[in-house]
Structures are given as C-alpha cells and as structure tokens.
There are 2 protein chains.
Amino acid sequence: MASMTIIDIARICGVGVTTVSRAINNHPDISEETKAMIMKVIKENHYVPNNSARNLKRSASKTIAVLIKGITNPFFNRMIQVFEKEIQRKKYSFILQRVDENQDEIEVAIELEKEKRLKGIVFLGGYFAHAKEKLEQLTVPYVLSTIGMTPEYDPQEYSSVSVDDFKESYKMADYLCKLGHRKIAIITAPMSDVSIGKLRYEGYKKALEDNGLELNENLVRTMKEHIQSYSMENGYVVTKELLESGEDFTALFAVSDSLAVGACRAIFESGKSVPQDYSVAGYDGLDIAYYYNPSITTIQQPVEEIAEETIKILFDLINKKITHAHKIFPAELLIRESTIPPS
Amino acid sequence: MASMTIIDIARICGVGVTTVSRAINNHPDISEETKAMIMKVIKENHYVPNNSARNLKRSASKTIAVLIKGITNPFFNRMIQVFEKEIQRKKYSFILQRVDENQDEIEVAIELEKEKRLKGIVFLGGYFAHAKEKLEQLTVPYVLSTIGMTPEYDPQEYSSVSVDDFKESYKMADYLCKLGHRKIAIITAPMSDVSIGKLRYEGYKKALEDNGLELNENLVRTMKEHIQSYSMENGYVVTKELLESGEDFTALFAVSDSLAVGACRAIFESGKSVPQDYSVAGYDGLDIAYYYNPSITTIQQPVEEIAEETIKILFDLINKKITHAHKIFPAELLIRESTIPPS
DNA sequence: TTGTAAGCGTTATCAT
DNA sequence: ATGATAACGCTTACAA
C-alpha cells in the first residue's frame with residue numbers, strides 16, 4: 001500500500017483536506033469532536049505528514065539550525081544540550097546539522113535555510129574565512145559560537161560568542177613561565193590555520209616574549225594534517241616526535257585537552273613521567289582533563305554560558321532588538337596535577 | 001529580493017524551466033553550451049534549488065540515512081566516518097540524523113523516509129524495543145548496527161551487525177577470574193535495560209558462575225539514571241559510592257571504557273591505585289583506553305568492520321539480494337596495564 | 001535539443 | 001466550522 005496522504009485521510013473521514021490540515025496543525029477553527037475523530041483516523045492509518053510538502057508550502061517555520069563542523073569534538077556535547085534546551089524553551093524546533101570537514105558550512109546553511117525555512121542559524125566550531133558575498137546570501141540571522149573569525153571582517157556585520165583565545169592562551173603560557181619553566185614546547189595548529197589555532201599560538205608567543213623568553217622554533221610543533229586535528233592520536237604522534245628529536249624542554253602546552261592526553265601517553269612510553277619530568281597543560285576544560293591521571297591543568301571555557309548567550313543573541317537578532325553583538329567570556333585557568341615547577 | 005526560483009533562472013536565460021532543470025541535474029539531453037550558459041547564470045545569481053520541492057517531486061532519491069541515538073558517544077565517531085565513506089563510494093548521499101535520548105527512533109525514521117525518499121536506513125546505538133506494528137511502517141530496508149535487540153523479535157524480520165555482547169563480556173569477566181580475582185565488582189546498566197547493558201551483565205554473571213564464584217549483589221552497581229549513561233562522570237560517581245560502601249573487592253569491570261576512566265579517578269582520589277589496589281577493566285576499545293594512565297584493559301570492538309558490513313548488508317537488502325542477515329563479529333580482549341592478579 | 005504542462009502533498013485564501 | 005482551490009518550486013512525461 002502506497003503511503004497515505006492528507007487526501008486519503010480527508011476521504012476516510014468524509015471531510016475536506018483543509019479540515020484535516022487544521023486538525024494536524026492545531027488550528028483554532030475546528031470543533032473538538034471533528035478534530036478528535038480525524039486524529040483517531042490518522043492514528044489508525046499511521047498517517048505521517050510529508051515534511052517536504054509542508055516546508056515547501058509554509059512561508060516560515062519556527063526552527064533554528066545548529067551547524068557543527070566536526071561533530072566528533074566532545075567539547076560541543078554540552079553545548080548542544082544547552083542549545084537544544086534553550087531553543088525548545090522558546091518553542092522553536094531544533095535541527096542539528098553536521099558539516100563535514102571539507103564541506104563549506106555557508107553553502108550548507110544557505111541550502112538548509114531554503115529547505116527548512118529557518119528562522120536562525122548557529123555556527124559551531126571550525127574556522128571562518130568566507131567570501132563576504134557568500135555570507136550575504138544568508139538572509140536569516142546567525143551567530144558564530146566559539147569560532148575564530150578572521151579579523152578582516154567588519155564586526156558590525158556579524159555576531160559572535162566565544163572566549164578570547166589569545167588572552168586565555170597567554171594566561172596558560174604565562175602561568176607556565178611564572179612556574180619557572182624556560183623551555184616550553186607547544187603543540188598547535190598548522191600555520192595555515194587562521195583561526196583559534198593561530199590565536200592560541202600567538203598568545204603563547206606573546207607570553208614568552210613578556211617573560212623574556214626567546215621563541216625556540218624547534219619547540220613549536222604542529223598537528224599532523226593527515227590525522228584528526230586536535231585528537232589524542234595527534235598529540236601522541238607529535239609529542240613522540242618531539243621527544244625523539246632530543247630537543248630539551250620542561251613543559252608542554254597542548255592547545256586542546258585531547259592533544260594533552262596523547263602527549264602524556266607519549267611521555268609515559270618514553271619512560272618519563274608527568275609532571276616530574278615534564279609539565280603538561282591542555283586547553284578547553286573537557287571532562288577527560290579532570291579524570292585523566294595525572295589530572296590535567298587546563299583553560300576551562302564556560303561552555304554553558306557561551307551556549308546560552310549564543311541563543312540569547314540569536315533571538316535578539318530574530319526579534320530585531322539588535323543588529324549585531326559580540327560577547328567574550330572569560331575562561332578559567334584550572335591548575336591541576338600535571339604542572340609543577342621544573343626540577 | 002526574494003529568493004530565486006528555477007523560473008527566474010529560466011527567464012533570465014531565455015530558456016524553459018526544463019532546460020534549467022536538466023542543467024542542474026546533469027541530464028544528458030542538453031547541449032554543452034546551453035548548459036554552461038545556464039550554470040553561469042545560476043552562479044551569478046546565487047540560485048540554490050529548494051530541496052523541499054525536489055524531494056517532494058522526486059519519487060526516489062539515492063540517499064541513506066544513519067540515525068544515531070546519543071551522538072555524544074565517541075564509540076560512534078569512527079563508525080560514522082566509515083559509513084560516510086562507504087555510502088559515498090556507492091554514489092549515494094548520506095544523511096546523519098541524531099535522535100534524542102527520549103525520542104522514538106522509529107518515528108523519526110518514518111518521517112525522514114517520507115521527507116527524503118530514503119533508500120535505506122542504518123540505526124546506530126540505543127536499545128530497540130519497538131512495537132512490531134511500528135517497524136512495519138518502515139517500507140525501506142534497514143540494518144541495526146551495534147544495537148541489542150530484544151530476543152522476542154523474529155530474526156527473519158530484521159538485519160543486524162554487532163559483536164556478541166554476552167560472550168565478549170564473559171570473556172572479560174572470565175579473564176579477571178582466571179587472573180585470580182574472586183571479588184569482582186561490575187558497573188553496568190540499570191536492570192530496566194533490555195539491551196547491551198543487560199547482555200554484558202549476563203556475561204559477567206555466567207563467568208562468575210563458571211568460575212565457581214558467588215554473585216555478590218553489593219558488587220553489582222548500576223549507572224545513575226540522572227547522569228549521562230556510560231559516561232566518565234557516571235563511572236566516577238558510582239565507583240566513589242562503591243568505595244565508600246566499604247564492600248571488599250579487588251577488580252572492577254566497567255561495561256564501557258568511559259565508565260572505567262571515571263572509576264580509575266575515583267580510586268585515585270580515595271588514595272588507592274590501579275592496578276596495585278584494584279584492577280579495572282573497560283569495554284569498547286576507545287582510544288582513551290589506550291591513552292589513559294594506566295592504559296586500560298578492554299574489549300575492542302572491530303568498529304570499522306562492523307560499519308563496513310552494515311553498509312554491505314544494507315545494499316544487499318536494497319538490491320534484493322537477501323531478505324535479512326545477521327552478522328556477529330568477534331571482539332578482542334586487549335590486556336593492558338590496568339589489570340593484574342590480586343595482591 | 002528544447003519547451004509546455006501536469007503533478008508531488010501540503011497550507012493558505014477565500015467562500016460558504 | 002468547513003470546504004474548494006490556488007499556490008509552494010521542482011521534476012518529468014509528452015510534444016514540438
């Protein structure tokens with residue numbers, strides 16, 4: 001049996017399609033009894049409305065899409081939960097759309113906006129170097145959440161919520177310096193990265209400079225491009241290489257907690273220990289940084305606040321209360337077992 | 001300016017809509033030059049076809065959806081990558097749809113099937129206790145991947161790929177027994193769970209029995225319902241409670257690696273160590289089990305093979321080569337630093 | 001090779 | 001309160 005349509009239901013009920021539509025969509029102009037009767041028939045016949053037809057006809061829907069670059073990142077888990085909760089609280093529905101690493105998030109967004117008649121979009125993660133012309137095709141409000149934006153963009157033209165990656169990274173590197181470390185290695189993004197990876201590296205560089213330390217290029221290590229970025233495996237491989245290079249260092253700053261975990265394992269396997277032989281610091285404030293052994297010193301981003309503020313700004317945009325906004329949250333340096341003064 | 005439609009493009013190009021459609025969809029019956037001209041106009045005007053309209057009109061599309069319960073689970077990351085790769089290799093497109101913990105995956109599937117004219121569905125994760133009547137509304141082939149199915153279902157009526165959770169869990173518990181442990185605690189799913197959590201618990205029970213060990217109810221701990229299931233935090237909280245209960249044990253089997261990580265941290269915080277004071281074992285074979293300190297003994301599921309076989313079966317179903325299939329892969333017991341004989 | 005026109009399954013407009 | 005009917009933007013017979 002082919003799939004039921006609204007017409008079949010109308011026929012079975014002996015009413016017009018409009019009435020059925022009214023019943024489905026909770027319209028006021030319908031008597032309780034006809035509605036109940038129609039709903040009963042719908043249940044019995046397992047009728048499910050076709051969303052494509054609905055979206056096509058509807059001029060606007062109350063839905064927000066969250067587009068994530070790299071859904072794999074545990075850092076986003078908590079944020080997604082908050083997004084979902086907040087969006088539902090506003091009586092909007094919520095679409096989570098994953099964007100592939102080599103897919104253009106703006107193109108996905110443009111397509112989705114048309115397909116689903118979106119009211120707003122949240123971009124989560126990734127870099128953001130798009131032609132202005134492309135951005136302009138997005139006719140609904142959007143907010144960049146924890147995304148590093150290239151500085152060439154006019155801040156008047158978009159909205160964002162994040163931490164100050166430069167400052168927070170500086171904070172961590174400065175802490176390591178103040179601990180007495182003078183040879184501090186870093187695992188960061190390839191220099192081609194224009195986003196948070198770059199900002200975190202710049203913070204490290206500045207902290208070294210301010211502490212009178214010279215930058216040793218041999219201690220600046222970048223993630224392997226062929227391995228999942230910011231992953232434990234990447235941290236492991238890069239650290240192994242660093243250790244084998246024989247270059248001397250006493251502390252290692254990995255720009256994500258996952259990288260730090262991989263780094264620790266590489267150190268253990270070389271017969272050394274953390275923090276006695278090497279201090280290791282991470283970034284993000286993931287659960288694993290707390291549960292790891294030793295627990296890992298990190299920069300904890302206030303994920304829930306970031307997510308809440310993202311939604312708040314998005315709805316202010318939707319309701320035309322504002323034209324743009326940028327919110328920067330402070331992150332917290334959590335000092336744990338993995339970092340001590342050099343021996 | 002309102003959004004462009006195919007009619008606008010046709011008008012601008014001075015051709016009919018059919019021709020534009022042909023250009024968009026790479027149809028053969030169109031001259032190279034008109035096609036090039038049309039594509040140029042499309043680019044210039046930023047025309048993007050409306051997917052809802054396409055899906056509505058199309059009778060069938062070449063797309064496969066993967067529905068995941070709990071996208072948060074790192075165990076699925078690798079699988080998703082494989083799914084995507086394999087599906088693209090078959091020239092099909094791929095939709096990843098997250099299903100909320102308290103959402104009914106079958107309902108989502110039914111809706112999506114109509115909306116996107118799916119060719120097939122993969123269900124990933126979660127339990128699976130659905131009314132047969134509901135399942136029957138799914139008119140396209142589907143495969144359950146790493147899902148525990150309630151035994152009441154007729155295996156003739158569905159397809160699945162997974163490991164034998166009972167057997168693999170038995171393997172781990174048996175290994176701990178053979179190591180000499182006689183007081184083996186377990187962290188598992190609440191008894192209401194009918195799925196993998198139950199199977200893994202049953203394997204543990206049987207192993208104890210076969211090794212002449214009596215089951216101590218006080219050593220059977222279940223995850224907290226209000227905390228994310230199978231998470232590090234859950235393992236941490238439950239283990240803390242276990243340690244504080246004063247009940248004696250020498251080994252702890254956590255039915256997921258994340259639980260095991262949380263368990264280890266709870267043990268460290270109580271001033272004890274792993275594996276000297278307590279052996280800890282996990283399940284799944286996540287990266288973190290290897291990178292953790294100590295590295296964690298686990299049951300490694302062959303995720304890539306499971307994912308590949310899932311797609312293979314799905315396409316065999318689509319091509320009507322088979323009516324159903326069940327594939328069970330062996331998993332591997334990886335003995336690492338976290339388990340030693342009791343002292 | 002190209003164009004015209006008939007749906008796809010809804011919702012919205014306008015009568016009744 | 002209810003129903004006929006015209007869109008929504010696209011693909012696809014069928015004609016030319």
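Just so it is clear, the model here is predicted, and its values are computed rather than measured. Chain letters run A, B, ... following the sequence lines, proteins first, then strands; residues in each count from 1.
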For a quick check of understanding: with a heavy-atom distance under 4.0 Å over all strands, which category does A:Val17 fall into, base, sugar-phosphate or nothing?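 Result for A:Val17 = base.
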Using a heavy-atom cut-off of 4.0 Å across all strands, would you classify B:Asp29 as base, sugar-phosphate, or nothing?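 Counting heavy atoms under 4.0 Å across all strands, the contact made by B:Asp29 includes a base.
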Please tell me if [X] has a side-chain N or O lying less than 4.0 Å from either OP1 or OP2 of [N].
X       : N      : answer
A:Ser52 : C:dG9  : no
B:Thr18 : D:dT12 : no
A:Ser31 : D:dA1  : no
A:Thr34 : D:dT2  : yes
A:Ser21 : C:dT11 : yes
A:Asn25 : C:dT11 : yes
A:His27 : D:dT2  : no

More 5' along DNA chain C: B:Gly16 or B:Arg117, using each one's nearest nucleotide?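 Here B:Gly16 is the residue nearer the 5' end.
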Given that B:Arg22 and B:Ala53 both sit by DNA chain C, which one's nearest nucleotide is further toward the 5' end?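 Comparing both residues, the 5'-ward one is B:Arg22.
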Whole-Å gap separating [atom2] ([N]) and [atom1] ([X]):
X        : N      : atom1 : atom2 : value
B:Ile6   : C:dC8  : CD1   : P     : 19 Å
B:Lys57  : C:dC8  : NZ    : C1'   : 5 Å
A:Arg58  : C:dC8  : CZ    : P     : 20 Å
B:Leu56  : D:dT12 : CG    : P     : 12 Å
B:Arg11  : C:dT2  : CZ    : P     : 20 Å
A:Tyr47  : C:dG9  : OH    : P     : 10 Å
A:Glu111 : D:dG9  : CD    : C1'   : 14 Å
A:Ile38  : D:dT2  : CD1   : P     : 8 Å

Would you mind reporting whether A:Glu86 and A:Thr310 have side-chain heavy atoms less than 4.5 Å apart?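 Not in contact.
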Would you say A:Asn45 and A:Asp8 make side-chain contact, with heavy atoms under 4.5 Å?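 A:Asn45 does not reach A:Asp8 side chain to side chain.
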Is NZ or CZ of B:Lys90 both nearer than 6.0 Å to the six-membered ring centre of B:Phe315 and within 45° of the ring axis?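 Judged by the rule, B:Lys90 and B:Phe315 form a cation-pi pair.
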Starting at the 5' end of DNA chain D, which residue's closest nucleotide do you reach first, A:Thr19 or B:Asn51?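 First, find each residue's nearest nucleotide; the 5'-ward one identifies A:Thr19.
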Begin from the C-alpha positions of A:Phe123 and A:Tyr142 and carry the test ring pair (Phe, Tyr, Trp, His ring centres under 6.0 Å) through to its verdict. CA-CA 7 Å; A:Phe123 289 98; A:Tyr142 60 92; 5.8 Å; yes
A:Ser61 side chain to A:Arg117 backbone, donor-acceptor under 3.5 Å: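 Side chain of A:Ser61 to backbone of A:Arg117: a pair is present.
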